[in-house]
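For reference, the structure is listed below as structure tokens.
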Amino acid sequence: MDKKTSRIIFMGTPEISSRVLEGLILDGYNIVAVIAQPDRPVGRKKILTPVPTKVVAEKYNIPVYQPIKIRKEFEFVYELKPDLILTLAYGQIVPQGLLDIPTLGCINLHGSLLPKYRGAAPIQYALLNNDKVTGMTLMKMVKEMDAGEMYMTEEVTIDEEDNSTSLFIKMGDAALRLALKALPLYLEGKLPGTPQDESLVTFAPSIKPEEEKIDLNKTKEEIFGQIRALSDVPGAYLYLDNLKIKIYKARIVSDEIVGEVGEIIKADKGGLYLQANNGLLALLDLQKEGKNRMDYKSFINGNQNILGQKLK
RNA sequence: CGCGGGGUAGAGCAGUUGGUAGCUCGUCAGGCCCAUAACCUGGAGGUCAUGCGGUUCAAGUCCCAUCCCCGCAA
């Protein structure tokens with residue numbers, strides 16, 4: 001079987017999925033259907049926004065299915081007679097009954113080098129832990145989440161400047177490269193899998209809202225990782241006088257201890273420095289509740305008494 | 001009609017009990033200096049979101065409506 005003769009269903013929802021979907025379509029893969037999460041009201045105005053994969057699918061006249069609960073609604077898949085299901089960030093757990101339908105099985109593009117970071121937020125976890133390298137893994141889908149055997153990986157290097165937004169773009173590119181490399185082999189049955197080493201398994205559960213608050217008891221490195229992992233959305237934050245201050249970008253400066261933890265010890269053209277418990281962090285991009293995001297110079301201009309204040 | 005904050009020079013803000021606008025940064029010109037992101041001098045730049053809305057002798061400042069931005073919630 002090859003990319004033109006096989007019937008493939010693509011399951012995925014967000015931006016990263018849509019980019020891979022479009023890449024596969026343009027390369028000539030026979031995508032017979034797209035399954036995505038339902039459209040949801042977005043933003044303050046609750047505007048019902050189509051999910052990214054749906055936008056792409058409709059552009060190429062591919063039918064889209066958006067079951068509320070895939071666990072209970074997947075009969076329609078039988079009629080599609082898929083040979084293969086490829087998923088990437090679909091957003092729901094795929095039931096065993098569905099996994100059994102395609103003749104060639106279900107495979108998943110996962111955002112980490114498994115067995116590291118099984119779970120919903122692998123890309124953010126790589127940043128959270130200040131990893132230097134991560135990658136995409138093409139793997140077999142089994143009942144246990146992200147536990148199937150691995151077919152191929154594509155590494156991605158993370159550099160200091162990367163945040164969640166930029167890394168997602170890199171990972172999307174890697175996912176497409178990986179898919180284009182691996183799928184032809186897989187469809188011909190020439191891609192053997194290797195089981196994951198269970199002793200090396202770690203998990204990357206989705207990040208809870210309370211984890212967006214920066215804990216000043218953590219080290220500057222941990223805080224730096226957290227800021228990167230949560231930027232540009234939703235943003236890690238601290239409080240200043242009961243107002244949320246989101247910090248979108250920061251830099252580790254030094255190991256100096258010159259003030260109390262949480263104190264702004266410098267606020268001028270040279271930077272806005274926050275005392276962490278084991279050194280200094282320069283806050284570069286921030287946003288006060290109700291205000292727009294701005295760089296530190298603008299922030300200092302508008303908060304001229306910030307020097308010496310304490311964030312918490 | 002979910003809750004709340006806000007729309008004032010390119011940027012970020014201030015503007016007190018209503019009397020036609022100020023600060024910091026940037027920018028332009030000149031100066032100082034070996035040099036500078038530092039310093040000094042001077043300049044340009046705003047119909048204060050919109051409605052030629054309402055109150056008033058007088059509104060950025062009070063009232064009303066609309067639009068837009070942001071935080072939360074979903």
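Below, chain A is the first sequence line, B the second, and so on; all start at residue 1.
For Y186(A), the ring pair (Phe, Tyr, Trp, His ring centres under 6.0 Å) partners at least two apart in sequence or on another chain are Y151(A). For the ring pair (Phe, Tyr, Trp, His ring centres under 6.0 Å) test, residues two or more places apart in sequence or in another chain that qualify with Y237(A) are Y239(A). Residues meeting the ring pair (Phe, Tyr, Trp, His ring centres under 6.0 Å) test with Y78(A), sequence neighbours left out: none. Every residue was checked against the ring pair (Phe, Tyr, Trp, His ring centres under 6.0 Å) condition with F168(A), not counting sequence neighbours, and none meets it.
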Could I get a table of every N or O pair under 3.5 Å where one atom is in the protein and the other is in nucleotides 21-23 of chain B?
none

Below 3.5 Å is the cut-off: list the nitrogen or oxygen pairs between protein and nucleotides 3-7 of chain B, distance only.
{"unit_1": "G5(B)", "atom_1": "N2", "unit_2": "G290(A)", "atom_2": "O", "d": "3.0"}

Would you mind writing out the side-chain donor-acceptor pairs for residues 27-34 of chain A within the sub-3.5 Å range, not counting sequence neighbours?
{"unit_1": "D27(A)", "atom_1": "OD2", "unit_2": "K3(A)", "atom_2": "NZ", "d": "3.1"}
{"unit_1": "N30(A)", "atom_1": "ND2", "unit_2": "S6(A)", "atom_2": "O", "d": "3.1"}

Taking distance alone, no hydrogens or angles, what donor-acceptor pairs closer than 3.5 Å link side-chain atoms of residues 106-116 of chain A to residues at least two apart or in another chain?
{"unit_1": "N108(A)", "atom_1": "ND2", "unit_2": "T87(A)", "atom_2": "O", "d": "3.1"}
{"unit_1": "N108(A)", "atom_1": "ND2", "unit_2": "T87(A)", "atom_2": "OG1", "d": "2.5"}
{"unit_1": "H110(A)", "atom_1": "NE2", "unit_2": "S112(A)", "atom_2": "OG", "d": "3.2"}
{"unit_1": "H110(A)", "atom_1": "NE2", "unit_2": "Y117(A)", "atom_2": "O", "d": "2.7"}
{"unit_1": "S112(A)", "atom_1": "OG", "unit_2": "K116(A)", "atom_2": "O", "d": "2.5"}
{"unit_1": "S112(A)", "atom_1": "OG", "unit_2": "Y117(A)", "atom_2": "O", "d": "3.4"}
{"unit_1": "K116(A)", "atom_1": "NZ", "unit_2": "D131(A)", "atom_2": "OD2", "d": "3.4"}

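Under 4.0 angstrom from either OP1 or OP2 of C72(B) there lies at least one side-chain N or O belonging to K244(A).
Remark: nothing in residues 227-243 of chain A comes within less than 4.0 Å of RNA chain B through any heavy atom.
For residues 97-107 of chain A, the set of pairs meeting the salt bridge (Lys or Arg N to Asp or Glu O under 4.0 Å) definition, not counting sequence neighbours, is empty. Applying the salt bridge (Lys or Arg N to Asp or Glu O under 4.0 Å) test to residues at least two apart or on different chains, the pairs with a partner in residues 209-221 of chain A are K220(A)-D255(A).
The hydrophobic side chain of L243(A) is isolated, with no ILVMFWY side chain under 4.5 Å apart from it.
A salt bridge links E154(A) with K181(A): the distance from a Lys NZ or Arg NE/NH1/NH2 to an Asp or Glu carboxylate oxygen falls below 4.0 Å.
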